[in-house]
Number of protein chains: 2
Amino acid sequence: MTSDSSRTRAHEPREVRRAQILEAAFQCFSESGYHAASMNDLVRASGLSKGSLYWHFESKEQVFLALFDAFADDYFASWQALDDGQRPLFEVIAGGNELAIRRLLAQPGMMRAWIEFLAHPAARDRLAVLYRRCRELLEDLLERAMERGEMKRLPSAAVSTLLIGAAEGILLQASVDPEFDPLAHWPGVLLALEGGLVA
Amino acid sequence: MTSDSSRTRAHEPREVRRAQILEAAFQCFSESGYHAASMNDLVRASGLSKGSLYWHFESKEQVFLALFDAFADDYFASWQALDDGQRPLFEVIAGGNELAIRRLLAQPGMMRAWIEFLAHPAARDRLAVLYRRCRELLEDLLERAMERGEMKRLPSAAVSTLLIGAAEGILLQASVDPEFDPLAHWPGVLLALEGGLVA
DNA sequence: TTCAATAGACTGACCAGTCAGTTTATGACT
DNA sequence: AGTCATAAACTGACTGGTCAGTCTATTGAA
């Protein structure tokens, strides 16, 4: 009576099921990317039925969007945790990029899904917001570092754009070329930046 | 007798038709991206029949690959034309990036197709080769600039990665956020680099 | 008894690619 | 010049398969 898992299933509260679906979705998207992972794959991976998926999420897109939001929130939280008042600001700045690189590279499929998502019209707003948030955070860190005299005075908007671009470019090159080792290049990039940016 | 275009059609030499198909493909992919543009769209846009498309190209993928190659060749040619012996090398270096940004931004749909392409497994090799070629070209320019004393000595591999990344990052941010003006940031990026990299 | 939650067979649309057949160009041999 | 064989180019209806999303029925919980 307690567990006849084969036929039917206990009704679970919203959040439990959503988490379960999201976990399966992460698995599927990580493996095959957004397009290649079908809703039937999610059905298999979650162990739920299609009807259930569509009860909890409006569409495939919404599933991915939820996943994306979770990823973004988690990323920003980890990044801001670096800014503990102890660490030099330049390390916080560089650390944000390094974090992004390490996270996305750890899940190659997720990187692919991310890229596909860049091309997905419905995702633009979300991504625009994310990039803005990154730029704002970076600009704030840069301004503070400049005020403290930790860095040369330079247009912080441009430098933040450059930093985001550098991380992203490294990720793209790495995602496409297995012989390209992204973190081997990273210290050199920092060195180049420090040569110019750090007082 | 010369032109009864309605019913049947003169047989044209390979290259003429391929060019015609490629032009239609460019139009379609630019408008909707790779996935969203169907072969039937190409049929409509080219004015040929489906059989004809598949006579001249093996698959949709091959059509895009041909388009990609043409774009790449054209890009490298334009870039290398900048290196005329007159121009300071730093301008050639920066010019390559600026060229890429201007070209891809001029065709927003093509930018989208490009991004989709990044996620397309069959395209990886092609892109890996492209990135390598970019890095090699940049490294060579950087080395020469350093030898001539136009720039500070820095690891050229890291700096070339950084430059490619910066351009790419700007493109991505611009493709996603209509309020982000990519070339407004470009001079600042160069300034930041010059601050550090140019002697 | 009521309804949120679950199930999974089903639908309708789409799409890359195929195929059997047609048309045009070529050129060889009268 | 006329005829005909052969190949190259072209046509569009069709196929097989996929996939996001729907529908109706059923179950569990309160």
Side-chain angles (χ1 to χ4, degrees), chain A residues 1-22 24-25 28-29 31-67 113 116-117 120-123, chain B residues 1-22 24-25 28-29 31-67 113 116-117 120-123:
Chain A
M1 226 118 287
T2 35
S3 64
D4 175 9
S5 68
S6 65
R7 278 247 66 89
T8 50
R9 180 185 303 279
H11 294 186
E12 295 282 354
R14 272 198 120 59
E15 288 315 309
V16 174
R17 281 281 182 262
R18 280 180 65 98
Q20 185 178 353
I21 292 168
L22 252 19
C28 291
F29 289 138
E31 221 161 84
S32 349
Y34 181 78
H35 276 103
S38 72
M39 282 307 257
N40 285 328
D41 292 338
L42 297 211
V43 167
R44 258 167 260 141
S46 67
L48 294 171
S49 67
K50 211 162 193 187
S52 236
L53 295 208
Y54 278 94
W55 175 258
H56 291 286
F57 288 94
E58 231 176 44
S59 61
K60 183 183 179 183
E61 195 177 283
Q62 289 302 316
V63 175
F64 192 88
L65 252 23
L67 215 51
E116 280 177 280
F117 202 51
H120 195 104
Chain B
M1 230 124 286
T2 34
S3 64
D4 175 10
S5 69
S6 65
R7 277 246 68 86
T8 47
R9 182 184 301 280
H11 292 186
E12 295 282 353
R14 273 198 116 59
E15 286 316 308
V16 175
R17 280 280 182 263
R18 280 181 64 100
Q20 185 178 352
I21 292 168
L22 251 20
C28 291
F29 289 138
E31 220 159 85
S32 347
Y34 180 79
H35 275 104
S38 73
M39 280 308 257
N40 285 328
D41 292 337
L42 298 211
V43 168
R44 257 166 259 140
S46 67
L48 293 171
S49 67
K50 207 160 195 191
S52 228
L53 295 208
Y54 278 95
W55 176 259
H56 290 287
F57 287 94
E58 231 177 43
S59 63
K60 184 183 181 184
E61 196 178 280
Q62 289 302 315
V63 175
F64 191 88
L65 252 22
L67 215 52
E116 279 178 280
F117 200 53
H120 195 105

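Proteins get letters first, then strands, A, B, ... in listed order; numbering begins at 1 in each. All figures in this text were calculated on a predicted structure; none of them were measured in a lab.
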Provide a list of protein-nucleic acid N or O atom pairs under 3.5 angstrom, restricted to nucleotides 16-20 of chain D.
{"residue": "D:dA20", "atom": "OP1", "partner": "A:K60", "partner atom": "NZ", "Å": "2.8"}
{"residue": "D:dA20", "atom": "OP2", "partner": "A:M39", "partner atom": "N", "Å": "2.8"}
{"residue": "D:dA20", "atom": "N7", "partner": "A:K50", "partner atom": "NZ", "Å": "3.2"}

key: A:S49 vs C:dT6: side-chain N/O to OP1/OP2 distance below 4.0 Å   = no
N/O donor to acceptor pairs below 3.5 angstrom from side-chain atoms of residues 60-67 of chain A, sequence neighbours left out:
{"residue": "A:K60", "atom": "NZ", "partner": "A:Y34", "partner atom": "O", "Å": "2.9"}
{"residue": "A:K60", "atom": "NZ", "partner": "A:A37", "partner atom": "O", "Å": "2.8"}
{"residue": "A:E61", "atom": "OE1", "partner": "A:H120", "partner atom": "NE2", "Å": "3.0"}

message = Less than 4.0 angstrom between a side-chain N/O of A:S52 and OP1 or OP2 of C:dT6, yes or no?
response = yes
C:dT6 phosphate, OP1 or OP2, under 4.0 Å from A:W55 side-chain N/O = no
request  = For B:F57 and D:dC10, give me the distance from atom CZ to atom P, rounded to whole Å.
outcome  = 12 Å
query = Heavy-atom contacts under 4.0 Å between residues 13-22 of chain A and DNA chain D, which residues?
reply = none
remark   = The reported gap from CG in A:L48 to CD1 in A:I21 (rounded to nearest 0.5 angstrom) is 5.5 Å
message = Nearest whole Å is fine: how far is C:dC15 C1' from B:F64 CZ?
response = 18 Å
message = Would you compute the distance between atom CH2 of A:W55 and atom CZ of A:R14 and round it to the nearest 0.5 angstrom?
response = 7.0 Å
message = In this structure, how many angstroms lie between the C1' atom of C:dA16 and the CD atom of B:Q62, rounded?
response = 14 Å
key: Non-neighbouring partners of A:R44 that pass side chain to side chain donor-acceptor pair (under 3.5 Å), sequence neighbours left out   = A:D41
Atom pair distance, as rounded to whole Å: CG in B:L42 and P in D:dG12 = 16 Å
query = Do any side-chain nitrogens or oxygens of A:H56 fall under 4.0 Å of OP1 or OP2 in C:dA4?
reply = no
ask   = Would a distance-only check, ignoring hydrogens and angles, find a side-chain to backbone donor-acceptor pair under 3.5 Å from B:S32 to B:F29?
value = no
note = Sorted by chain and residue number, the ring pair (Phe, Tyr, Trp, His ring centres under 6.0 Å) partners of A:H35 (sequence neighbours excluded) come out as B:H35
Write down the protein N/O and nucleotide N/O pairs, taken from nucleotides 24-26 of chain D, whose separation is under 3.5 Å; answer none if there are no such pairs.
none

query = C:dG8 P sits how many Å from A:R44 CZ, rounded?
reply = 13 Å
task = Calculate, to the nearest 0.5 Å, the distance between atoms CE and OG belonging to A:M39 and A:S59 respectively.
result = 7.0 Å
